[in-house]
Protein chains: 2
Amino acid sequence: MTTIKDVAKLSGVSMSTVSRVMNAPESVRADKREKVEKAIRELRYYPNALARGLISKRTETLGVLIPDVSNPYVSEVIRGMEDAAHSLGSNLILCNTDRNQERMINYLKVLKEKQVDGIIYTSEPFTADFHKLFEEFNMPVVLASTQSIEYEIPSVKINDEKAGYDAGMYLIRKGHYKIGMISGPIEDPIAGYTRYSGFKKAMSEILPMETIDAWIEFGSYRYEDGYEAMKRLYKKQPEVTAVFVASDEMALGAISYLHQIGISVPEEVSVLGFDNTKIAKMCIPKLTTIGQPMYDIGQKAVFKLEALLNSEELDELRSYLDHTIVERDSVKELSRKLYSNW
Amino acid sequence: MTTIKDVAKLSGVSMSTVSRVMNAPESVRADKREKVEKAIRELRYYPNALARGLISKRTETLGVLIPDVSNPYVSEVIRGMEDAAHSLGSNLILCNTDRNQERMINYLKVLKEKQVDGIIYTSEPFTADFHKLFEEFNMPVVLASTQSIEYEIPSVKINDEKAGYDAGMYLIRKGHYKIGMISGPIEDPIAGYTRYSGFKKAMSEILPMETIDAWIEFGSYRYEDGYEAMKRLYKKQPEVTAVFVASDEMALGAISYLHQIGISVPEEVSVLGFDNTKIAKMCIPKLTTIGQPMYDIGQKAVFKLEALLNSEELDELRSYLDHTIVERDSVKELSRKLYSNW
DNA sequence: GTGAAAGCGCTAACAA
DNA sequence: TTGTTAGCGCTTTCAC
């Protein structure tokens, strides 16, 4: 292994001068600088980041805590993070927590030991327990695709309640008035309760509040959950003409159930998804869905963490990026509209 | 920041003793050990992995070079890698190369500087150029979901040629004899040419070799490629009853085209996919597909790299894991079989 | 503008 | 069993 010492020897200068050509080249006289640069090339010298980090207290490495990389939603967020990190000269250490507290604590410990500059906690509710943990480890944290209301932690996500509201209003505007929902777990304060209550707010424009819950089923965002929830919903409300589903994956499960019992989407029942993951445009029918800017969420989270590390002023503690409505083929416009002036 | 010195002081022993309780506890007398452990807990001391790595020449960190995390196939491989790494006490640094040589070189440089123990190069052909690069950087490498024939580099993948052959034979066995293929690029020696030639070999059992190519189109594994390739194939061979498609994503594109022109899958045309990514069981019809053990590929690649780092004997340089045929709903059995005794 | 030397936090001889 | 000391490879004063 070649070290700074070898470079110094070969180029006939001191270690400090070699260090200078790497960190402040303009402070070294041109002739020496060139000699050093030549030696670096010849010896294929690469400075040891461990030694450097030991002094600088910076590793240019970020830890990313995610539930599971193989989740299509998460993997797009990560992609945004990695691009942002790359553009800033940092790297990402990937940690799949599997929602397992023990595994998470273990990662936190290792990341601390490896001296990562900061951590991004992604896509899972941030509980009081976690907050205590992070306090203990005392590392800069940014939340991506999640947030904390009780604690002052920087975060980046969409406005899920508004998204739920917009979803409901979209279906209403399309002429539906027998509208169901397959929500995430109501105990999930990030993507569950928020979208649920936004949807209910929209529904309250056409329905008495008390009756809305009869049109809502729940599931944990997975395909199978969507299938089962749709089954329950349909048995309860066979007149339903449109369903808002809180994730694309569940939406596919719901469509699968409808398809199985011979109900066509969107001709007989419309389905509105959530996320706009890649699958949404590959299935039949192509999914109309609430689009999250996953890449941007990841990217912004990293930029925010970087700003935090450089103790720059944060423009806002909790950032909310815009969602969109991506219109494709799974929602049908009903001709007989309830409010035709909309 | 608390260091080993602080722990030594508080527990009234020397730094070496503290070091020992962390690395060889049994070599320290119980009473002192307990004192040290208590101090560690009280001070919330975490050893600095940079300092340790500087000495041990090990960082317990691996670099992973992948084209793109947000690719569903890749993200499953990564998941296997990460679990394996975690079980071995290592971490993964994620590097999206985007098939961009410059970006890859940059990553290699940084990974070298950060003293990662080794690198896993994933899912892209390993060219002579890359080999030269890796030689220059002189870091242990394992290939995952790809391989090198010319160079002696450990690798883990499936036997793509056999998989292509099995795919063809499967369709023949299902009674088809007007069988098309949508292949990956023939210049891709990993997943393109291999599956293509395996398929041709199978077809040669029912067709003269010269005519087979008239039934094959090409695409770069993406949805849109599948759509376009299916269009070309269908125009050329409207009598086709089954198509083997070299990726699930392309298969979905192919199905989309067929659906659009009113041809139902599998009633009129059967489609056999490749990979068995998560989407395969979420679409309609659910995809019958050649299943790759993505998780296992990732896992095994990491274990292999670890063995390499510990200079253990590798049981085999190039590992080939088994593929499977996952039967779902997109392939129909034709009653009028060509070889009814099969 | 350049070099010598101290030190980042840790481990590993070597003594004791 | 334990402590002292010399580094690991680098940056950073501080003189010159």
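Just so it is clear, the structure is predicted and the values come from calculations on it, not from any experiment. All values below come from the heavy atoms of this structure, side chains included, with hydrogens, waters and symmetry mates left out. Quick note on labels: first sequence line is chain A, next is B, and so on, each numbered from 1.
The aromatic rings of A:Phe126 and A:Phe134 sit tilted, their planes meeting at an angle between 30° and 60°.
Listed by chain and number, the residues in a side chain to side chain contact (heavy atoms under 4.5 Å, CB included) with B:Leu10 are B:Ala39, B:Glu42, B:Leu43 (sequence neighbours excluded). With sequence neighbours excluded, no residue forms a side chain to side chain donor-acceptor pair (under 3.5 Å) with B:Asn96. Residues forming a side chain to side chain contact (heavy atoms under 4.5 Å, CB included) with A:Tyr295 (at least two apart in sequence, or on another chain): A:Arg79, A:Asp83, A:Gln299. Listed by chain and residue number, A:Lys5, A:Asp6 satisfy the side chain to side chain contact (heavy atoms under 4.5 Å, CB included) test with A:Thr3 (two or more places apart in sequence, or in another chain). For B:Ser75, the side chain to side chain contact (heavy atoms under 4.5 Å, CB included) partners at least two apart in sequence or on another chain are A:Ser70, A:Ser75.
Remark on DNA chain D: of its neighbouring residues B:Ser14 and A:Arg20, the 5'-side contact belongs to B:Ser14, judged by nearest-heavy-atom nucleotide. Each of A:Asp31 and A:Met15 was assigned the nucleotide of DNA chain C with the nearest heavy atom; the assignment lying further toward the 5' end belongs to A:Asp31.
Rounded to 10°, the helix from C:dG1-D:dC16 to C:dA16-D:dT1 has 40° between the axis fitted to its first five pairs and the one fitted to its last five.
Counting non-hydrogen atoms under 4.0 angstrom, A:Thr3 reaches the backbone sugars and phosphates but no base. If you check every strand for non-hydrogen atoms under 4.0 Å, B:Thr17 touches sugar and phosphate atoms only.
The ring-ring contact (aromatic ring centres under 6.0 Å, His included) contacts involving residues 37-67 of chain B comprise A:Phe137-B:Tyr46, where partners must be two or more places apart or lie in separate chains.
The environment of NZ in A:Lys9 is sparse: at most 12 heavy-atom neighbours from other residues, nucleotides or ligands sit within 6.0 Å. Open room surrounds NZ on B:Lys35; 12 or fewer heavy atoms of other groups in view lie less than 6.0 Å from it.
For the segment residues 21-30 of chain A, the set of residues with a heavy atom within less than 4.0 Å of an atom of DNA chain D comprises A:Met22, A:Asn23, in numerical order. Within residues 34-50 of chain A, no residue has any heavy atom closer than 4.0 Å to DNA chain C.
Think of the region where chain A sits on DNA chain C: with heavy atoms and a 4.0 Å cut, that region ends 5' and 3' at C:dG1 to C:dG9. A nucleotide of DNA chain D counts as in contact with chain B when one of its atoms lies under 4.0 Å from a heavy atom; the first and last such, 5' to 3', are D:dT1 to D:dG9.
Across A:Ala301 and A:Val142, no two heavy atoms sit closer than the pair O-CG1, 3.7 Å. Smallest separation of non-hydrogen atoms from A:Leu111 and A:Cys95: CD1-SG, 4.0 Å. When all heavy atoms are compared, the tightest approach of B:Val69 to B:Val74 is CA-CG1, 4.4 Å. Listed here is the closest heavy atom pair of B:Ile93 and B:Lys114: CD1-CD, 4.5 Å.
Checking A:Ser319 against A:Lys304 by side-chain atom types alone, a donor-acceptor pair falls below 3.5 Å.
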Could you list the donor-acceptor pairs under 3.5 angstrom formed by side chains in residues 306-315 of chain B, with sequence neighbours left out?
{"from": "B:Asn310", "atom 1": "OD1", "to": "B:Arg58", "atom 2": "NH2", "distance (Å)": "2.5"}
{"from": "B:Asn310", "atom 1": "ND2", "to": "B:Glu306", "atom 2": "O", "distance (Å)": "3.3"}

